[in-house]
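Below is one structure, written out as structure tokens; comments come after it.
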Amino acid sequence: MRKKTRYVLATLTMFLMATVLTACSSLTSPYNPHKKLGPQINYTITGIDAGAGIMASTQNALKEYPLAQNKWQLQTSSTAAMTSTLAKAIKYKQPIVVTGWQPHWMFKKFPLKFLKDPKNVYGSSEQIHTIARKGLAKDNPGAYKILKQFHWTPSQMSDVMLQTNAGVDPKVAADNFIKKNPKLYQEWTKGAPRGNGKAVKLTYVAWDSEIASTNVMAEVLNKMDYKATIQALEMQPMWASIATNAADASLSAWLPNTAGLYLKQYKDKIDDVGPNLNGAKVGLAVPKYMKNINSIEDLINK
Ligand code: PBE
């Protein structure tokens, strides 16, 4: 190679490296409260799977606030990818905005806060409902009674979620929980006849919260001598499985807001058994060290 060409190439490489390094470092710098937030994170909200209700609600928030008009966008990924991005951001005190919900272990593991939602796009408080196929109450009144009596608190659900998050098999975590909470088991099964091997087919969406509740319900039913099976589906097929009688029940209906569109669509074809958990919440969340950012409106203003 000629000397001059070599010199040009070397300069070019150095220039390129410098550009790449600056680009990277601006994305990996700690949160700077004195600069506008948007450019620090490329105006991006880190989301989860496209089918989730929280993604539909966040699309509404993009319109309502109006974030989209101000360059903001929602990135689709998965719960696992979102929580690992969040873990990295928090490790280096970097800015990040995520789709967040409770109950979930992310709020126990990370210092997170929900952003205020003055336009009430995400609804104030959610419940997780149990839904059943029409006719289950008549065909299998025992299992139906247990499903109807199943109710627990966010902190009880978190107990199971934290175990599975630490690597315990969900079925084992469910068993541990039932062993530790004999009173709850008694309440849930009170007055219900034994199943004599009668089948109960549960479908669910594989969110950590529903992995927990569905496994607990299956173990409760099995201990009462029913034969429970569980099947994970995407949100749309999960609702359809109950509406078409392909499955008996699901504990995965976040209402009134998150899965509101599905309830509207299937209202006449399912039996809304009632809430199995009160005090759930859905919204946008940021690490607590982002002290300036407290409302969704701050994403534009600060
Ligand atoms: N979630 C968890 C679900 C419901 C359960 C909030 C991610 C959703 O957005 O549809």
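Values below: all heavy atoms of this structure, side chains included; hydrogens, waters and symmetry mates excluded. Whatever order the structure lists them in is the order used to number ligands and atoms, beginning at 1.
- Judged as a side chain to side chain contact (heavy atoms under 4.5 Å, CB included), and not counting sequence neighbours, the contacts of N301 are E297.
- Ring geometry for W152 against F177 counts as perpendicular: the plane angle is over 60°, on a 0 to 90° scale with 30° as the lower cut.
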Please tabulate, line by line, the atom pairs linking an N/O of ligand 1 to a protein N/O at a distance below 3.5 Å, with the distance in Å to 0.1, or answer 'none'.
| from | atom 1 | to | atom 2 | distance (Å) |
| --- | --- | --- | --- | --- |
| ligand 1 | 9 (O) | G53 | N | 3.2 |
| ligand 1 | 9 (O) | I54 | N | 2.8 |
| ligand 1 | 10 (O) | G53 | N | 2.7 |

Please tabulate, one pair per line, all N/O donor-acceptor pairs under 3.5 Å involving side-chain atoms of residues 159-168, not counting sequence neighbours.
| from | atom 1 | to | atom 2 | distance (Å) |
| --- | --- | --- | --- | --- |
| D159 | OD1 | Q163 | NE2 | 3.1 |
| D159 | OD2 | K180 | NZ | 3.0 |
| Q163 | OE1 | N176 | ND2 | 2.9 |
| T164 | OG1 | V160 | O | 3.3 |
| T164 | OG1 | M161 | O | 2.9 |
| N165 | OD1 | K109 | NZ | 3.2 |

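- Defined by atom type and a distance below 3.5 Å, a donor-acceptor pair is missing between the side-chain atoms of T85 and T46.
- Judged as a side-chain hydrogen bond (donor to acceptor under 3.5 Å, both in side chains), the pairs with a partner in residues 206-224 (not counting sequence neighbours) are, in order, H104-D208, W105-D208, D175-K223, E210-W254.
- A salt bridge links R133 with D248: the closest approach of a Lys/Arg side-chain nitrogen to an acidic carboxylate oxygen falls below 4.0 angstrom.
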